[in-house]
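Since the structure comes first, as structure tokens, the remarks are kept for the end.
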Amino acid sequence: MKMRIEATIKLNRIPDHIRKQHKGFREWDFVLSKHDHQTILQILIDGRDSNAVDIEGNPLPTLVYLAREKRPQHHHHFKAGSMNALIRVSSRISNGPIILNVDCDMYANNSKAIKYSLCLFMDEKKGDEIAYVQFLQSFDNLTKNEIYASSFRVLQQLELHGLDAIGGPCYNGSGCFHRREALCGKKYEKNYKVDWKKVSDTKADESASFLEETCKVLASCTFEHNTTWGKEMGLIYGFLVEDIITGLNIQCKGWTSMYLSPERDGFLGVAPITLLQTLVQHKRWMDGHLQVFLSRYCPLLYGYKKIPLKLRLAYCPYNLWAANCLATLYIVVMPCLCLLKGISLFPKISSPWLFPFAYVAFVHRAYSLNEFLWCGGTFRGWCNDQRMWLFNRTSAYFFALFETILKLLGYSRLNFVVTAKVSDKEALKRYDGELIEFGATSPMFDILATLAMLNLFGIFGALKKIILDVDEDLQVLEKFGLQTLLCFVLVTINLPVYQALFFRNDNGKMPSSVTYKSIIFAMLA
């Protein structure tokens with residue numbers, strides 16, 4: 001198997017001698033485009049066959065290859081459409097009561113993950129209420145100090161655990177065990193009980209070849225027409241975050257969910273290794289979250305009298321992350337511009353009104369650092385986390401907000417962008433060395449570089465006031481002390497940006513065009 005995988009990766013296609021062994025692979029020889037083809041379905045291993053055993057004689061589970069039908073004239077609904085086709089086909093072939101969904105870049109890391117989730121589903125007191133069990137999303141390629149803050153350390157280890165008490169966490173799209181009935185639209189009833197002995201004996205009696213032919217229609221483009229698939233059944237269509245909206249819809253039908261993070265991670269995936277990949281991924285997430293909040297599925301309204309008020313409110317901070325860009329842009333831009341113009345925004349250093357500002361700033365950062373360290377992070381990791389919050393809010397979240405507004409006005413269409421997780425060896429080497437990868441032109445980089453230059457000019461302006469006005473330097477610090485400190489903090493956070501703009505010579509540096517534009521835009525401002 002190792003040799004097969006290595007050969008496939010090297011050739012960038014399935015080797016000919018393997019293609020000949022499986023008719024499902026051979027059918028692709030007659031397909032002109034991956035966006036226009038018939039349903040391709042093959043039962044590779046039939047778990048009912050007594051000969052389906054491994055080299056030690058242990059029985060193997062049923063393994064099915066499915067490529068659903070795609071036609072240019074029919075919307076395929078991205079990941080949600082693929083999942084729904086798999087749900088229908090699997091219900092005909094194996095009809096297992098529990099469904100595990102894992103993204104293509106994730107793999108099982110804990111052999112007991114299934115046992116842990118089944119313990120929750122089969123719990124005598126609360127198990128029948130649970131619709132899905134969401135595992136912690138972890139990655140196997142994180143650096144020691146998490147240069148792109150991809151793990152959401154505090155959110156996953158603290159916040160999502162807390163949601164178990166008020167109805168359960170949201171569905172995160174991968175590493176999740178689902179109850180088939182709940183995923184297929186069933187509403188929870190108070191006296192609902194599962195007969196696990198009866199449920200476990202629901203396999204089809206037909207031959208594998210018969211099932212292959214009869215199941216193809218379940219994955220056709222037209223099967224869902226005039227049905228509730230994508231509306232009330234399966235994953236919900238029309239949203240960039242189909243997982244979030246599906247989980248909310250299930251909870252609004254009376255089901256609960258559970259969050260599970262065993263000591264050994266259940267599943268591991270691949271985190272983005274360049275800054276642009278990270279920003280693009282965050283933009284899609286925030287675009288989708290805000291889209292949910294501004295739709296009829298807004299948790300505050302859609303969940304009214306269906307889920308607890310606390311759970312409805314718990315969805316809102318994530319739904320409104322994109323809107324946070326406005327406040328962050330204000331605090332990054334206005335104090336700096338006002339400092340250059342000689343306009344004071346904060347109380348003087350000697351004023352007692354300075355204390356509330358200083359208290360909030362200090363205590364909030366200290367609390368944030370304590371949380372991060374308690375969750376197993378490092379001080380440098382926390383600094384990187386703060387930097388990425390700034391980068392995301394001033395670029396990815398801003399574009400997500402702007403694009404969502406355009407969609408609401410009818411000027412833009414839903415576009416599902418798959419985050420690339422593959423980079424060249426040099427980029428990977430820089431990532432392992434915890435050096436931020438720019439190396440591409442992007443409007444998001446234009447914003448980051450311009451804001452960094454603007455705050456650098458602000459520091460220069462403050463130093464100019466202090467140096468030139470020798471007699472009034474104490475008055476300048478008295479009046480603009482907090483603004484100068486804020487600019488200094490922002491400049492410190494942006495040190496990797498200045499390094500990429502002026503000092504780096506590798507391919508991960510900021511492109512020259514971005515450097516020129518950022519200087520011009522900052523000077524104009």
Side-chain angles (χ1 to χ4, degrees), residues 147-150 240-241 272-291 320-334 336-337 387-423 427 430-431 435-458 490-491 493-502 504 506-525:
I147 189 68
Y148 299 123
S150 298
L240 287 172
V241 286
I273 67 169
T274 72
L275 180 59
L276 187 58
Q277 290 173 4
T278 304
L279 294 177
V280 168
Q281 187 177 61
H282 276 259
K283 175 184 169 295
R284 177 169 65 83
W285 288 342
M286 296 311 111
D287 190 351
H289 272 285
L290 188 59
Q291 183 189 9
L320 293 172
W321 264 351
N324 278 335
C325 71
L326 300 176
T328 306
L329 283 168
Y330 182 87
I331 203 67
V332 170
V333 174
M334 292 309 296
C336 173
L337 290 179
R387 179 182 296 114
M388 284 309 303
W389 274 115
L390 179 67
F391 284 2
N392 281 316
R393 287 181 175 181
T394 54
S395 59
Y397 293 9
F398 174 73
F399 279 98
L401 176 66
F402 187 66
E403 192 164 306
T404 301
I405 294 173
L406 289 180
K407 286 174 186 172
L408 290 174
L409 297 176
Y411 292 107
S412 180
R413 295 177 61 187
L414 182 68
N415 186 23
F416 190 94
V417 179
V418 179
T419 307
K421 302 289 180 69
V422 180
S423 298
R430 289 189 288 270
Y431 174 73
L435 193 61
I436 294 180
E437 183 78 13
F438 295 93
T441 55
S442 168
M444 289 191 272
F445 287 169
D446 293 339
I447 291 179
L448 294 181
T450 300
L451 294 177
M453 292 305 303
L454 190 61
N455 281 279
L456 187 62
F457 290 163
L490 291 171
V491 167
I493 291 175
N494 282 303
L495 284 177
V497 178
Y498 304 128
Q499 187 183 13
L501 285 170
F502 304 115
R504 285 172 57 177
D506 55 65
N507 292 331
K509 69 177 182 178
M510 198 77 83
S512 300
S513 60
V514 176
T515 303
Y516 299 143
K517 283 188 284 187
S518 66
I519 294 174
I520 293 171
F521 291 156
M523 291 181 69
L524 288 173

### Query
Heavy atoms, side chains only, cut-off 4.5 Å: are Ile447 and Phe521 in contact?
no
#### Entry: Asp506 side chain to Lys509 backbone, donor-acceptor under 3.5 Å
yes
### Query
Would you say Ile147 and Glu437 make side-chain contact, with heavy atoms under 4.5 Å?
no
### Note, Met286 side chain near Leu290 side chain (heavy atom, < 4.5 Å)
no
### Task
Check whether more than 12 heavy atoms from other residues, nucleotides or ligands sit under 6.0 Å from atom CG of Asn507, and answer yes or no.
no
### Query
Where is the tightest heavy-atom contact between Arg393 and Asn324, given as atom of each residue plus distance?
NH2-ND2, 4.0 Å
### Message
For a 4.5 angstrom cut-off between non-hydrogen side-chain atoms, does Met453 reach Leu501?
### Response
yes
### Query
When you measure from the side chain of Asn392 to the backbone N and O of Met388, does any donor-acceptor pair fall under 3.5 Å?
yes
### Message
Consider side chain to side chain contact (heavy atoms under 4.5 Å, CB included). Of Thr394, Val333, Leu451, which one does Thr328 pass it with?
### Response
Thr394
### Message
Can you confirm whether more than 12 heavy atoms, excluding those of Phe502, are under 6.0 Å from its CZ atom?
### Response
yes
### Main-chain N/O of Pro272 paired with Tyr148 side-chain donor or acceptor, under 3.5 Å
no
### Message
Main chain of Ile493, side chain of Arg387: is a donor-acceptor contact present, judged purely on distance under 3.5 Å?
### Response
yes
### Query
Are Phe438 and Val497 side-chain neighbours, meaning at least one heavy-atom pair lies under 4.5 Å?
yes
### Task
Determine yes or no for a side-chain-to-main-chain donor-acceptor pair under 3.5 angstrom, with Glu403 supplying the side chain and Phe399 the backbone.
no
## Note on the structure
Closest non-hydrogen contact found for Ala400 with Lys283 is CB-O, 3.6 Å
### Message
For a 4.5 angstrom cut-off between non-hydrogen side-chain atoms, does Leu490 reach Leu390?
### Response
yes
### Query
Relative to each other, are the rings of Tyr397 and Trp389 parallel, tilted or perpendicular (30° and 60° limits)?
perpendicular
